[in-house]
2 protein chains.
Amino acid sequence: MSTIKDVAREAGVSTATVSRVMSGSGRVSERMRERVLAAADRLGYRPNAMARSLRSETTRTLGLVVSNVLNPFFTAVARAVEDAAHERGYSLILGNADEDPEKEELYLNVLLERRVDGLIVSPARAESPYLAEVVEEGVPVVFVDRHIEGIGAPVVRADGRRAVGELVEYLVGLGHRELAVISGPPEVVSGRERLEAFVGAAQQRGVPVMEERVRVGDFRRASGAVAMRELLALRERPTAVFVANNLMALGALREVRRAGLKVPEDISLASFDDVSWFELVEPPVTAISQPTGELGAAAARMLLEMVEEGRRPRSLIMDAELVVRDSCGRPGR
Amino acid sequence: MSTIKDVAREAGVSTATVSRVMSGSGRVSERMRERVLAAADRLGYRPNAMARSLRSETTRTLGLVVSNVLNPFFTAVARAVEDAAHERGYSLILGNADEDPEKEELYLNVLLERRVDGLIVSPARAESPYLAEVVEEGVPVVFVDRHIEGIGAPVVRADGRRAVGELVEYLVGLGHRELAVISGPPEVVSGRERLEAFVGAAQQRGVPVMEERVRVGDFRRASGAVAMRELLALRERPTAVFVANNLMALGALREVRRAGLKVPEDISLASFDDVSWFELVEPPVTAISQPTGELGAAAARMLLEMVEEGRRPRSLIMDAELVVRDSCGRPGR
DNA sequence: CTGAAAGCGCTTACAG
DNA sequence: CTGAAAGCGCTTACAG
């Protein structure tokens, strides 16, 4: 692989000139430019980004650590972040924490050792001394979807509380009194928020959720299935279940089917996180929809603002929306 | 951010010793080790990966360029590659070409400038002079899912031809004579292969696919919807449609529903690429399933073999499997 | 086992 | 506009 020296020799100029041509910075005569470009082309020169970054102290790279790539919510966010980054000439390194705080820390470390210019994180837990330190050090960080209280980094997320309240109202309106929830981990902000919003709204409307009808999953598919199995085994089976994300809803839906039951005749179900196939399922699934693309794009925009202008933008809380389809009906019994 | 020099000073040793301790290579006395570690810890030292790579000429990083992150097939592959890489101490930079050859080239270039140790690519098109050059230069490359003929890099993929043949047999057995296909781009190997396998098998069984019933999509959702709309508008509507990937199947299924038609009563449908929600749709979708996890893991394994041992492993072709569910029935008319 | 020093491939003041 | 040279933060033969 040829280096800047080879190009300089081939073109009969100094490495400084080659550098100026390649980076497009600094004044270079048209004649030199052409000579350098021709030489670089002849040699198949590809600048070494690491050498460049080492010297210039910037990598034009952003890091994104996502809780779970298999979750379509996060792939959509990642996609949006990537687009926004690309548009501004940044590339994106994606890390998948897989809902595991240790893996998350490992990835953060890898990204930081690579000296990414900034970091977008959707933390696996509600606490992270490591992340706190990183922000403390001055690394530009923005949280997306989930955040950690007490860490001074802006957040971009959808607040689902209003929509969850609306869902509860809708369910109660249909006649449901026996509510259940398959929650995400309470150690995760979004997990706790959705759980509390649901339980709180139910309480407020006079249909408190019995403790045994609150099942805690881990936002992954299998846990949704397990939780649903347990709910179906209850002596007093709930008439409606709220599932806190799309992956768990997939598991739960499967479990209902496996038990030979029907939605919504035997049990109503609604999910947080709308995904494209929800409308194809029979019956189409009622869900709370988040503006995924906007979340990702806003996170990228905010991070670049921090990186390039040294500003600290304000957090951005968007709204989520209840999309009523056919998976909730009147309770049968 | 502190450097190796700061740590050396703090510990009262040379930078060489710090380097040896941090990298775990070379003999260092226990006493030194502890002093260095303590100093590094006190300073919150984080080695600069770029400086390290610049010197050591290895990044312990792999690049993966995928045709479309929004396709669950590829996220599953990416996930498997990442796991395998991680296990061996490598990290992964993911690039999303978005089925666009230009974006693909841009990403390859970014990864190469970052001097990744090797590359896994699922190319957007059947040709790529750029990739040919890269392989020529000696960069370790393995193709996954799709490959480019004439480029001397090993491939890991599932050959769907047998399963597609089986599907045709199954459809013909159900009584279908009016077959249609929503194909991927013929410029993409997997697109062409699936199309040819389907058309060929149909021909062989005496039920040739009429030309107007061959619709070419781009493997993305919207194109599946458009193609299905066209098929449904045909004077002689087909009785069964084979869709060449899951994203287009999603679009096609939606379109059938929007037209107020029922699967399989009005039209039968089968898809390439099994995805988790296919069994939840009404009716559950008959599909051809690929061993996604194995594909990704094998690709990573092979690439590491090339990177670490300088060997050139043989291509690996796995089998795909027809999973019969309920989306194909006897033709009604 | 430990250190002094060269060098990886760039960029960037500093001169001219 | 152009070049010589220093230096980014590491690693790695080479001595001792």
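In what follows, chains carry the letters A, B, and so on, assigned in the order in which the sequence lines appear, proteins first and then strands, with residues in each chain numbered from 1. Computed over heavy atoms, backbone and side chain alike; hydrogens, waters and symmetry mates excluded.
Here D:dA6 presents its P atom at 17 Å from CG of A:L54, a figure rounded to the nearest Å. In this structure, A:R33 atom CZ and D:dT2 atom P are separated by 12 Å, rounded to whole Å.
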Its contact letters, B for base, S for sugar-phosphate only and - for none at protein heavy atoms under 4.0 Å, make nucleotides 10-16 of chain D read BBBB---

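Annotation: B:E137, atom CD; neighbour count of heavy atoms from other residues, nucleotides and ligands within 6.0 Å is above 12. Residue B:E187 qualifies as enclosed at atom CD: its count of foreign heavy atoms under 6.0 Å is above 12. Within a 6.0 Å radius of CD in B:E149, no more than 12 heavy atoms belonging to other residues, nucleotides or ligands are found.
Stem analysis of DNA chain C (at least three stacked-register Watson-Crick or G-U pairs, each with both distances under 3.5 Å) gives C:1-3 with D:14-16, C:5-12 with D:5-12, C:14-16 with D:1-3.
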Exercise. Is there a side-chain hydrogen bond (donor to acceptor under 3.5 Å, both in side chains) between A:S23 and A:R52 once you walk through the steps?
Worked result: CA-CA 10 Å; A:S23 68; A:R52 171 182 298 172; over 6 Å; no

* Asked: What do the steps show when you test B:T61 against A:R114 for side-chain hydrogen bond (donor to acceptor under 3.5 Å, both in side chains), and what is the final call?
  -> CA-CA 11 Å; B:T61 303; A:R114 276 171 204 289; 2.3 Å; yes

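Proximity note for B:R27 (side chain, C-beta onward) versus C:dT2, C:dC1, D:dT2: the nearest is C:dC1.
Two residues are said to be in side-chain contact when any heavy atoms from C-beta on lie closer than 4.5 Å; B:I151 and B:H147 fail this criterion.
Looking at heavy-atom distances under 4.0 Å, A:M32 makes contact with sugar-phosphate atoms alone, never a base.
Residues passing the side chain to side chain contact (heavy atoms under 4.5 Å, CB included) test with A:D98 are A:N68, A:N96, A:K103, A:R220, B:R79, sequence neighbours excluded.
A salt bridge does not link B:E133 with A:R46: every distance from a Lys NZ or Arg NE/NH1/NH2 to an Asp or Glu carboxylate oxygen is 4.0 Å or more.
Along DNA chain C, the nucleotide closest to A:M1 and the one closest to B:G12 are compared, and the more 5′ of them pairs with B:G12.
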